[in-house]
Amino acid sequence: MITKKGIDEIIRGYDVRKLTVCTLGSHSALQIAKGARDEGLANLLVCTKKNAAFYKDWPFVDEVLVVDSYKDVLSGKVQEKLRDRNAVIVPHGSFVEYVGAANILEGLDVPMLGSRIVLDWESDRKKQFKWLAEAGARLPREYKNPEDIDRLVIVKFPGARGGAGYFLAGDEKEYTRKMNSLDLPDGVKAGCMIQEYVVGTRFYPHFFYSPLDDSLQLLGMDIRYESNVDGLSRIPEAAGIEPSYVVTGNIPVVMRESLLPGLMDLGRNVVSASKKLFAPGMLGAFCLEMICTPELGFVCFEVSARIVAGTNAFINGSPYSSLLYDEPMSCGRRMCREIKEAAAKKRLSEVLY
Ligand code: ADP
């Protein structure tokens with residue numbers, strides 16, 4: 001794994017007047033490329049043959065680099081090209097999923113916005129729970145043994161699978177029956193997490209933490225639109241249909257204002273805990289996945305340590321970002337502004353690793 005010193009060395013060799021914001025053509029790439037254009041930075045999207053034409057068509061996309069597979073971003077040739085362009089990689093969900101957190105840590109020697117150490121924590125549910133617990137967040141109860149299941153639970157499998165294969169169970173018998181009927185490798189089954197199913201309303205707030213002035217911003221908030229669970233309420237007799245949680249879209253939401261102070265405290269605690277656990281900690285965009293109970297408490301079931309796709313609902317700004325900025329400020333644009341401001345202040349090393 002390239003050291004922080006190694007990345008700093010690369011940054012020192014960069015022409016900071018000619019930085020290029022780079023990401024994979026997927027997930028929130030349009031928002032990021034548009035954000036770069038709005039901030040006066042060049043952008044480059046690494047695309048597969050299949051989607052290159054789609055991304056090339058947008059007027060604000062400067063350059064598309066075509067690869068056979070997204071993993072090719074790890075090849076020496078592509079990395080060299082990116083460094084030649086003074087590239088700063090902005091990782092998003094598909095970037096982490098397609099290239100792989102471990103591969104990024106092991107073999108990507110191009111500066112990335114934020115600290116890459118967080119990828120190790122984000123890609124492991126157990127580490128995520130340790131981090132959220134350190135932040136004092138309330139977590140769903142976790143069951144180590146199926147025989148302890150005493151309420152409705154959701155069973156999740158490793159990796160950012162968009163909820164595919166997840167199932168609900170009310171007791172050990174149901175758990176065993178459903179687990180046995182699943183066509184998944186034993187290794188994947190063994191890595192499952194059995195979590196209390198929390199009933200309430202979901203919120204996915206989008207935060208941005210800047211180490212440049214130690215500020216935490218709330219840039220937006222969404223609810224994931226998930227298939228088929230979000231369609232079940234439309235069927236009067238949905239009992240018997242197994243819900244699934246595959247993300248198919250995102251719906252904008254605002255939170256009751258009296259809940260916002262508590263939300264910001266939680267966001268700050270998540271940043272402080274990250275600094276304690278894996279310095280320099282969580283830098284830049286992140287999202288807490290949470291459920292608000294009828295007692296108005298938050299239960300967090302996941303943290304995404306990067307831009308989330310729900311920010312695509314706010315490419316032109318959100319109700320929250322428009323309170324902070326008098327111009328449209330997407331999360332993608334905010335990240336590009338961070339790069340621009342850090343470069344202007346000669347503090348790039350504080351926001352890149
Ligand atoms: P992934 O990271 O694979 O997308 P998540 O942990 O985000 O998986 O879970 C997928 C979806 O399942 C969530 O968006 C939410 O709708 C639902 N969910 C997850 N955990 C819980 C929970 N503990 N209680 C209630 N619903 C949950």
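Indexing begins at 1, ligand by ligand and atom by atom, following the structure's order.
- With no hydrogens or angles considered, a side-chain donor-acceptor pair links Tyr209 and Asp214 at under 3.5 Å.
- Of the options Glu289, Met290, Lys156, the smallest heavy-atom separation from atom 7 (O) of ligand 1 is shown by Glu289.
- Here the rule is salt bridge (charged side-chain N to carboxylate O under 4.0 Å, His left out) with Asp8, and of Lys5, Arg12, Lys4 only Lys4 fits it.
- Looking only at atom types and distance, the side chain of Asn250 has no donor-acceptor partner in the side chain of Tyr204 under 3.5 Å away.
- In terms of polar-atom proximity, Val198 is counted as a contact of ligand 1, with an N or O under 3.5 Å from an N or O of the ligand.
- Side-chain contact check for Glu289 and Ser304: at least one donor-acceptor pair (N or O, by modelled atom type) lies under 3.5 Å.
- In summary, the atoms of ligand 1 found under 4.0 Å from a heavy atom of Arg202, numbered by their order in the structure, are 15 (C), 16 (O).
- Taking every heavy atom of Pro140 and a limit of under 4.0 angstrom, the matching atoms of ligand 1 come to 23 (N).
- Residue contacts with ligand 1 for Val247 are absent, since no atom lies close enough (heavy atoms, distance under 4.0 Å).
- Between the choices Phe157, Tyr204, Tyr197, Tyr166, the shortest heavy-atom distance to atom 15 (C) of ligand 1 belongs to Tyr204.
- The nearest non-hydrogen atom to atom 23 (N) of ligand 1, considering only Arg125, Gln128, Glu196, Arg141, comes from Glu196.
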Quiz: residues 327-337 side-chain donor-acceptor pairs under 3.5 angstrom, not counting sequence neighbours:
from: Glu327; atom 1: OE1; to: Arg333; atom 2: NH2; distance (Å): 3.2
from: Glu327; atom 1: OE2; to: Arg337; atom 2: NH1; distance (Å): 3.1
from: Glu327; atom 1: OE2; to: Arg337; atom 2: NH2; distance (Å): 3.0
from: Ser330; atom 1: OG; to: Gly332; atom 2: N; distance (Å): 3.4
from: Ser330; atom 1: OG; to: Arg333; atom 2: N; distance (Å): 2.9
from: Arg333; atom 1: NE; to: Glu39; atom 2: OE2; distance (Å): 2.6
from: Arg333; atom 1: NH1; to: Pro328; atom 2: O; distance (Å): 2.9
from: Arg333; atom 1: NH2; to: Glu39; atom 2: OE2; distance (Å): 3.2
from: Arg334; atom 1: NE; to: Gln217; atom 2: OE1; distance (Å): 2.8
from: Arg334; atom 1: NE; to: Tyr325; atom 2: OH; distance (Å): 3.0
from: Arg334; atom 1: NH1; to: Glu338; atom 2: OE1; distance (Å): 3.1
from: Arg334; atom 1: NH2; to: Glu338; atom 2: OE1; distance (Å): 3.3
from: Arg337; atom 1: NE; to: Glu39; atom 2: OE1; distance (Å): 3.0
from: Arg337; atom 1: NE; to: Glu39; atom 2: OE2; distance (Å): 3.4
from: Arg337; atom 1: NH2; to: Glu39; atom 2: OE2; distance (Å): 3.1

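- Residues passing the ring-ring contact (aromatic ring centres under 6.0 Å, His included) test with Phe298, sequence neighbours excluded: none.
- Each of the following atoms of ligand 1 lies closer than 4.0 Å to a heavy atom of Ile291: 24 (N), 25 (C), 26 (N).
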